[in-house]
> 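Below are the structure tokens for one structure; questions will follow.
Hydrogens, waters and symmetry mates play no part in the numbers below; they use all other heavy atoms, side chains included.
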Amino acid sequence: MKKILKKKIIIPVLSTFILVGVSSFKSDFFEIAKQIEIFTTLFKELNMNYVDETNPAELMDNAIKNMLNGLDPYTKFLNEQDVETFKINNAGKYSGIGALVHTYKEKMLVIEPYKDSPADKAGLKAGDQIIKIDNIKIADFKDDATELLKGSKKTSVTVVYKRQNKIKTTIINREEINVDAVPFYKMVDTKTGYIVLSKFNQKASEQTKKALLNLKNQGAEKIILDLRDNPGGLLSEAINVTNLFVPKGEVIVTTKSKVQKFNNVYKTKNTPVDTEIPLVVLVNGGSASASEIVSGSLQDLDRAVIMGARSFGKGLVQRPLKLTYGTQLKVTISRYYTPSGRCIQSLDYRNRDTEGNAVKNKKFIDFKTKNGRKVQDGGGVLPEVQISTTNTNALTKALLNNNVIFDFATNYYYNNTLENTSSFTFKDEDFNAFKAYVNTVGFSFETEAEKALTTAIHSTDASIFGKEIEEKYRSLLAEINKSKINALDSYKEEIVKNIEDEIIKRYFYREGLYEYYLTNDDAILTATELLRNATKYNDLLR
């Protein structure tokens with residue numbers, strides 16, 4: 001009798017569940033179809049009836065980009081050129097001039113020519129402003145002008161550029177450019193090896209393994225792995241790099257999605273190189289995504305001491321999905337979780353403030369590492385040992401984003417000679433010269449306090465308090481603005497570090513910068529000292 005009752009109860013419940021599931025699916029499908037029909041009709045009527053000629057491709061491109069802007073900054077539409085660039089970035093090989101070049105509205109700036117690259121051989125320097133490529137003026141070119149520099153190897157391109165207010169012309173012969181994931185590795189001392197892993201392309205684990213084995217053959221008994229300013233890349237390579245230091249079969253990362261097939265548990269599959277060698281991993285605010293998978297998993301497994309500054313906080317995974325006409329949608333498909341179960345995503349793109357910015361996570365949940373140490377989610381990877389010079393703040397970011405430090409380094413290069421890195425010191429008088437330069441270029445940035453005061457002045461409530469209160473608000477704003485130059489002194493350490501990096505690269509390329517780091521970088525010096533003290537190193541991991 002009881003069994004019959006159970007059946008009578010269970011069957012209606014299951015039926016209801018199935019009906020709700022089907023109903024929900026149909027509802028979603030109908031809503032998507034409805035919105036597509038509305039948009040198609042609107043797009044057609046707009047292009048047929050608008051008073052002036054329209055550019056359908058441009059309108060559609062803007063519509064797609066604006067739609068995706070409401071999600072997260074990693075979900076993007078890739079046209080045919082973008083797809084090719086995406087492939088090149090992952091492959092670590094392309095044909096071109098061999099330089100990092102950025103476009104800013106109507107100008108193109110050479111950020112960094114790579115040593116012995118076609119751009120370097122043709123005489124291009126960081127700070128050169130490219131005016132014309134072949135017969136095309138950059139100011140007149142609406143699309144991404146950097147595409148004009150790409151082309152098949154053994155072809156050439158004529159570049160007209162401005163340097164220190166003088167116009168110059170050069171011909172660059174394109175070559176095949178190899179983008180190394182590990183641009184530098186070397187012994188710091190007789191027992192400590194240093195490896196720079198700058199990106200997670202298809203070469204990352206192979207080149208890191210090669211560097212690790214070579215250093216061990218040179219006598220390395222301890223390793224410093226530098227992931228600072230590494231923006232990430234391939235998830236598979238992050239797991240393989242971690243696998244060099246942890247056993248086969250270890251869970252490194254778990255992905256969770258609303259789509260069942262994207263829910264995965266990723267374990268190490270290979271025989272490791274060394275599971276015992278003492279390891280320090282360097283991170284900073286520019287270490288993101290795959291860098292955080294490596295540093296976060298090694299931290300959770302108590303396999304390495306993390307040092308530097310809190311990492312970026314990107315706990316989202318993207319996958320390219322093929323669309324029509326060779327285009328793709330790079331879409332965020334899941335969140336990833338490190339071995340302890342934490343997601344280090346810092347910004348919540350589902351919730352926005354009044355200005356439309358994603359809300360930063362402020363509630364951290366505690367998790368435990370393998371040895372029971374406390375770690376937290378929701379804000380990147382927090383190092384066990386923090387280094388002040390690796391920190392970033394709003395002022396330093398503004399100086400970097402507005403190219404103030406970059407332009408100062410350009411002027412420094414053309415007004416000073418430097419024979420070698422050992423003779424370089426950035427003195428107090430140099431920093432005073434930098435502060436004077438900041439004044440001359442009219443640099444400004446808005447602090448959170450200024451935003452609040454400006455909002456208060458222009459709000460409808462301000463009229464309640466009268467003219468006198470408004471004047472006090474404005475006076476306070478003026479005082480804050482004056483104090484910004486003094487704020488340069490408050491963040492002198494971080495600012496000088498960035499200036500030194502930029503100057504050294506001008507004279508000795510990126511390889512010279514890493515050589516300079518071996519004897520001058522606070523993080524590397526601190527890591528080397530820690531690795532010499534086995535007791536302190538082990539205590540940090542207990």
Side-chain angles (χ1 to χ4, degrees), residues 96-151 155-175 177 398-421 423-424 426-427 429-444 495 498-513 516:
I97 69 166
L100 179 61
V101 180
H102 284 176
T103 51
Y104 302 90
K105 292 185 179 178
E106 294 183 348
K107 76 173 183 177
M108 178 187 283
L109 203 61
V110 178
I111 303 299
E112 182 185 354
Y114 306 133
K115 188 178 181 181
D116 298 327
S117 68
D120 187 32
K121 292 172 185 175
L124 283 186
K125 301 284 185 187
D128 290 344
Q129 183 182 333
I130 296 176
I131 298 167
K132 194 160 78 168
I133 299 173
D134 287 332
N135 295 316
I136 300 173
K137 290 182 179 179
I138 301 302
D140 298 336
F141 196 75
K142 290 185 178 181
D143 297 320
D144 182 5
T146 58
E147 293 296 324
L148 300 172
L149 295 171
K150 296 175 184 176
T155 60
S156 63
V157 60
T158 302
V159 172
V160 179
Y161 61 96
K162 185 195 288 186
R163 175 186 294 168
Q164 298 288 285
N165 295 318
K166 292 180 181 177
I167 304 298
K168 297 175 179 284
T169 303
T170 189
I171 296 173
I172 307 175
N173 298 310
R174 298 183 182 98
E175 296 174 13
I177 309 297
L399 290 167
L400 290 167
N401 293 339
N402 288 279
N403 284 341
V404 178
I405 289 174
F406 181 87
D407 292 339
F408 177 80
T410 300
N411 293 336
Y412 185 98
Y413 175 76
Y414 289 111
N415 290 292
N416 296 273
T417 55
L418 193 58
E419 296 299 325
N420 51 63
T421 56
S423 64
F424 175 66
F426 195 75
K427 301 171 185 174
E429 53 261 41
D430 294 321
F431 188 66
N432 289 332
F434 173 72
K435 289 197 292 184
Y437 176 76
V438 172
N439 261 329
T440 60
V441 295
F443 165 75
S444 65
I495 293 168
N498 282 282
I499 296 172
E500 286 176 340
D501 287 2
E502 200 60 57
I503 289 173
I504 290 290
K505 280 191 293 182
R506 301 305 171 96
Y507 292 94
F508 308 108
Y509 302 91
R510 190 163 288 273
E511 293 87 341
L513 177 62
Y516 179 75

> Is Thr410 reaching over with its side chain to a backbone N or O of Gly127, donor-acceptor style, under 3.5 angstrom?
no
> Identify the heavy atoms of Ile138 and Ile130 that sit nearest to each other, and give their distance.
CG1-O, 3.5 Å
> Do other residues, nucleotides or ligands put more than 12 heavy atoms under 6.0 Å from Asn415 CG?
yes
> Classify the ring geometry between Tyr104 and His102 as parallel (under 30°), tilted (30 to 60°) or perpendicular (over 60°).
perpendicular
> In Å and rounded to the nearest 0.5 Å, what is the CG to CG distance from Asn401 to Leu399?
9.0 Å
> Would you say that Tyr516 contacts Phe424 through its side chain, given a criterion of any heavy-atom pair below 4.5 Å between the two side chains?
yes
> Output, in order, the C-alpha distance, side-chain angles, deciding distance and verdict of side chain to side chain contact (heavy atoms under 4.5 Å, CB included) for Phe508 and Leu418.
CA-CA 9 Å; Phe508 308 108; Leu418 193 58; 3.8 Å; yes
> If you measure from the Lys or Arg side-chain nitrogens to the Asp or Glu carboxylate oxygens, is any gap between Arg510 and Glu112 under 4.0 Å?
yes
> I'd like to know whether Ile503 forms a side chain to side chain contact (heavy atoms under 4.5 Å, CB included) with Asn416, so could you lay out the CA-CA distance, the side-chain angles of the two residues, the decisive distance to 0.1 Å, and finally the verdict.
CA-CA 10 Å; Ile503 289 173; Asn416 296 273; over 6 Å; no
> Within the structure provided, determine whether Phe141 and Thr103 are in side-chain contact (heavy-atom separation under 4.5 Å).
no
> So for atom CD, which belongs to Glu419, do other residues, nucleotides or ligands contribute more than 12 heavy atoms lying within a distance under 6.0 Å?
no
> So, Asp501 side chain and Asn498 main chain: donor-acceptor pair closer than 3.5 Å or not?
no
> Measure across Gly512 and Thr421 and return the closest heavy-atom pair with its distance rounded to 0.1 Å.
O-CG2, 3.9 Å
> Would you check if Leu149 and Met108 make a side-chain contact, meaning some heavy-atom pair closer than 4.5 Å?
yes
> So do Val157 and Leu148 actually touch side chain to side chain, heavy atoms under 4.5 Å?
no
> Counting only heavy atoms not in Lys162, do more than 12 fall under 6.0 Å of its NZ?
no
> Just so I know, are the side chains of Glu502 and Tyr412 near enough to count as touching, which here means a heavy-atom distance under 4.5 Å?
no
> So how far is it from Asn432 CG to Lys427 NZ, rounded to the nearest 0.5 Å?
13.0 Å
> How about Tyr437 and Asn411: do any of their side-chain heavy atoms sit closer than 4.5 Å?
yes
> Say whether Tyr509 and Asp120, considering side chains only, have a donor N or O and an acceptor N or O under 3.5 Å apart.
yes
> Do side-chain atoms of Arg174 reach the backbone of Pro118 as a donor and acceptor pair under 3.5 angstrom?
no
> With side chain to side chain contact (heavy atoms under 4.5 Å, CB included) as the criterion, how do Ile172 and Leu124 come out once you've worked through the C-alpha distance, each side chain's angles and the decisive distance to 0.1 Å?
CA-CA 9 Å; Ile172 307 175; Leu124 283 186; 3.7 Å; yes
> Hey, what do you get for CD (Glu511) to OH (Tyr114), rounding to the nearest 0.5 Å?
11.0 Å
> Is any side-chain heavy atom of Phe434 closer than 4.5 Å to one of Ile405?
yes
> Locate the shortest heavy-atom distance separating Tyr414 from Asp128; write the atom from each residue and the value.
OH-OD1, 4.0 Å
> What do you reckon, are the aromatic ring centroids of Phe426 and Phe431 less than 6.0 Å apart?
no
> Could you give the distance from NZ (Lys168) to OG1 (Thr170), rounded to the nearest 0.5 Å?
10.0 Å
> Please answer whether the main-chain N or O of Ser423 pairs with a side-chain N or O of Asn420 as donor and acceptor at a distance below 3.5 Å.
yes
> Any heavy-atom pair between the side chains of Lys121 and Glu175 that's under 4.5 Å?
yes
> Kindly determine whether Asp407 and Val441 satisfy side chain to side chain contact (heavy atoms under 4.5 Å, CB included), including the steps that lead there.
CA-CA 10 Å; Asp407 292 339; Val441 295; over 6 Å; no
> For the OG1 atom of Thr158 and the CD1 atom of Ile171, what is their distance to the nearest 0.5 Å?
4.5 Å
> Identify the two heavy atoms, one from Ala99 and one from Pro113, that lie closest to each other, and give their separation to 0.1 Å.
CB-CA, 3.9 Å
> Rounded to the nearest 0.5 Å, what separation is found between the CD1 atom of Ile167 and the OH atom of Tyr161?
10.0 Å
